[in-house]
Undergrad: 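This is the structure, below, for whatever I ask next.
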2 protein chains.
Amino acid sequence: MAVSSVETNAEAMCPHRLVLEHVTSRWGVLVLIALLDRSYRFSELRREIGGFGRGVSEKMLTQTLQTLERDGFVHRDAKPVIPPRVDYSLTDLGREAAEQVRRLAVWTETRMGAVQEAREGYDARKRASEQE
Amino acid sequence: MAVSSVETNAEAMCPHRLVLEHVTSRWGVLVLIALLDRSYRFSELRREIGGFGRGVSEKMLTQTLQTLERDGFVHRDAKPVIPPRVDYSLTDLGREAAEQVRRLAVWTETRMGAVQEAREGYDARKRASEQE
DNA sequence: CGGCATCCACACAGATACTG
DNA sequence: CAGTATCTGTGTGGATGCCG
């Protein structure tokens, strides 16, 4: 069973581009950054990531974690207890990736002002040309 | 008109997370990296990105470029000639982002071996547990 | 609790056809 | 050439039910 059909189709692509897509995927980014702080349990992680606005669905988080685990970025520690307890953490490989991703995220935050400004200019120019 | 409805819905999110999604989006990543080398024309960029496997659809490239332009990462230079000629290049802001993204892409390439290894282990363990 | 399987709705990606 | 408009397949994600 393939993780998802989009990947099955893309199996012919250069493999590193696929890994890059996993790391930069919508939820992959957030999972990696969260796990950089500490290990998380499944539901904990879900709350952390979806702490505001829209959250991850259970299905998407599962899928994201499985993909990242398969690529060797995330370690899954399932403890055979009742009730079940599963902890997710970064591997060394995953930590390297996560640090790069976090750097990008931090940069984004510091540059938000410039982005906002650019958007206002863009929108203004667009409005002006529409009602000429 | 919003760029896309997913963004309209996410308008309530922390804005920097949206920008991060633009930068790390499927085609955004590739566009930024390509433009780091030099400026490209529309079709040129399309060929460069889809040079193998699957490419970008015209629509998605348009959409990606418009989003990145609005965020102030990409500069669009449309020359009023026949036939039309439009050149895309990075702004200073976009160059900063693109360099981060490229670093991540390069890291991914150098680490492909480890990822492949991790995957084989994962798949082997999975097969073993399935047919127990 | 931490999943997996299924169904369903819908947004999005992509192909196609068309325009300035 | 560089788009826009439109249509359709598919991926995404919610809801639900079930299991270890």
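In what follows, chains are A, B, ... by sequence order, proteins preceding strands, each numbered from 1. Side chains included, hydrogens not; waters and symmetry mates left out as well; all remaining heavy atoms used.
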Undergrad: Rounded to whole Å, how long is the line connecting atom CH2 of B:Trp27 with atom C1' of C:dC12?
TA: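 The distance from CH2 of B:Trp27 to C1' of C:dC12 comes to 14 Å, rounded to the nearest Å.
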
Undergrad: List in chain and number order the residues that pass salt bridge (charged side-chain N to carboxylate O under 4.0 Å, His left out) with A:Glu109, two or more places apart in sequence or in another chain; answer none if no residue qualifies.
TA: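 None.
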
Undergrad: Salt-bridged, B:Asp87 to B:Arg85, with N to O below 4.0 Å?
TA: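 Yes, charged N to carboxylate O under 4.0 Å.
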
Undergrad: Is any side-chain nitrogen or oxygen of B:Gln66 closer than 4.0 Å to OP1 or OP2 of D:dT4?
TA: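 Answer yes for this pair, as a side-chain N or O of B:Gln66 is under 4.0 Å from OP1 or OP2.
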
Undergrad: Between B:Glu44 and B:Arg38, is the closest basic N to carboxylate O distance under 4.0 Å?
TA: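 Salt bridge present between B:Arg38 and B:Glu44.
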
Undergrad: D:dT4 C1' sits how many Å from B:Gln63 CD, rounded?
TA: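 Interatomic distance, CD of B:Gln63 to C1' of D:dT4: 13 Å.
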
Undergrad: Look at the side chain of B:Phe42 and decide which nucleotide, out of D:dC1, D:dG3, C:dG2, has an atom nearest to it.
TA: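 Looking only at side-chain atoms, B:Phe42 lies closest to D:dG3.
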
Undergrad: In whole angstroms, how far is the P atom of C:dC1 from the CZ atom of A:Arg47?
TA: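 One finds 8 Å between P of C:dC1 and CZ of A:Arg47, rounded.
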
Undergrad: At less than 4.0 Å, is any side-chain N or O atom of B:Arg26 found next to OP1 or OP2 of C:dG14? Yes or no.
TA: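 For B:Arg26, the contact criterion (side-chain N or O under 4.0 Å from OP1 or OP2 of C:dG14) is met.
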
Undergrad: Start at the 5' end of DNA chain C and walk down; is the nucleotide closest to A:Lys59 or to A:Thr62 reached first?
TA: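 Going by which nucleotide is closer to the 5' end, it is A:Thr62.
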
Undergrad: Expressed in angstrom and rounded to an integer, what is the separation of A:Arg46 atom CZ from C:dG3 atom P?
TA: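 The distance from CZ of A:Arg46 to P of C:dG3 comes to 12 Å, rounded to the nearest Å.
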
Undergrad: Donor-acceptor pair under 3.5 Å: do we get one between B:Glu58's side chain and the base of D:dC1?
TA: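 Under the 3.5 Å cut-off, the side chain and the base do not form any donor-acceptor pair.
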
Undergrad: Rounded to the Å, how far apart are B:Ile49 CD1 and C:dG14 P?
TA: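 These atoms are roughly 12 Å apart.
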
Undergrad: Which nucleotide, C:dC1, C:dG3, D:dA2, lies nearest any side-chain atom of A:Pro84?
TA: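 Of all the options, the side chain of A:Pro84 is nearest to C:dC1.
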
Undergrad: Within the structure, does a side-chain N or O atom of A:Arg76 lie under 4.0 Å from either OP1 or OP2 of C:dG3?
TA: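 Affirmative; the distance criterion is met.
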
Undergrad: When you measure from the side chain of A:Tyr88, which nucleotide among D:dA2, C:dG3, C:dG2 comes out closest?
TA: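 It is C:dG3.
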
Undergrad: For residues B:Ile33 and B:Val29, determine if any side-chain heavy atom of one lies less than 4.5 Å from a side-chain heavy atom of the other.
TA: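 Touching, per the 4.5 Å side-chain cut-off.
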
Undergrad: Are OP1 or OP2 of C:dC1 and a side-chain N or O of A:Arg41 less than 4.0 angstrom apart?
TA: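 So the side-chain polar atoms of A:Arg41 never come under 4.0 Å of the phosphate oxygens OP1 or OP2 of C:dC1.
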
Undergrad: Specify the separation, in whole Å, of atom CG of B:Leu61 and atom C1' of C:dC12.
TA: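 Going from B:Leu61 (CG) to C:dC12 (C1'), I get 16 Å.
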
Undergrad: Whole-Å distance between D:dG11 P and A:Met60 CE?
TA: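 One finds 11 Å between P of D:dG11 and CE of A:Met60, rounded.
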
Undergrad: DNA chain D: A:Ser57 or A:Pro83, which has the more 5' nearest nucleotide?
TA: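 Per heavy-atom nearest nucleotide, the more 5' residue is A:Ser57.
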
Undergrad: Does B:Glu117 have more than 12 heavy atoms from other residues, nucleotides or ligands lying within 6.0 Å of its CD?
TA: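 At most 12 heavy atoms, drawn from other residues, nucleotides or ligands, come within 6.0 Å of this atom.
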
Undergrad: Using atom CG of B:Asp87 as one end and atom C1' of D:dG3 as the other, report the distance to the nearest whole Å.
TA: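 Checked: the CG to C1' distance equals 15 Å.
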
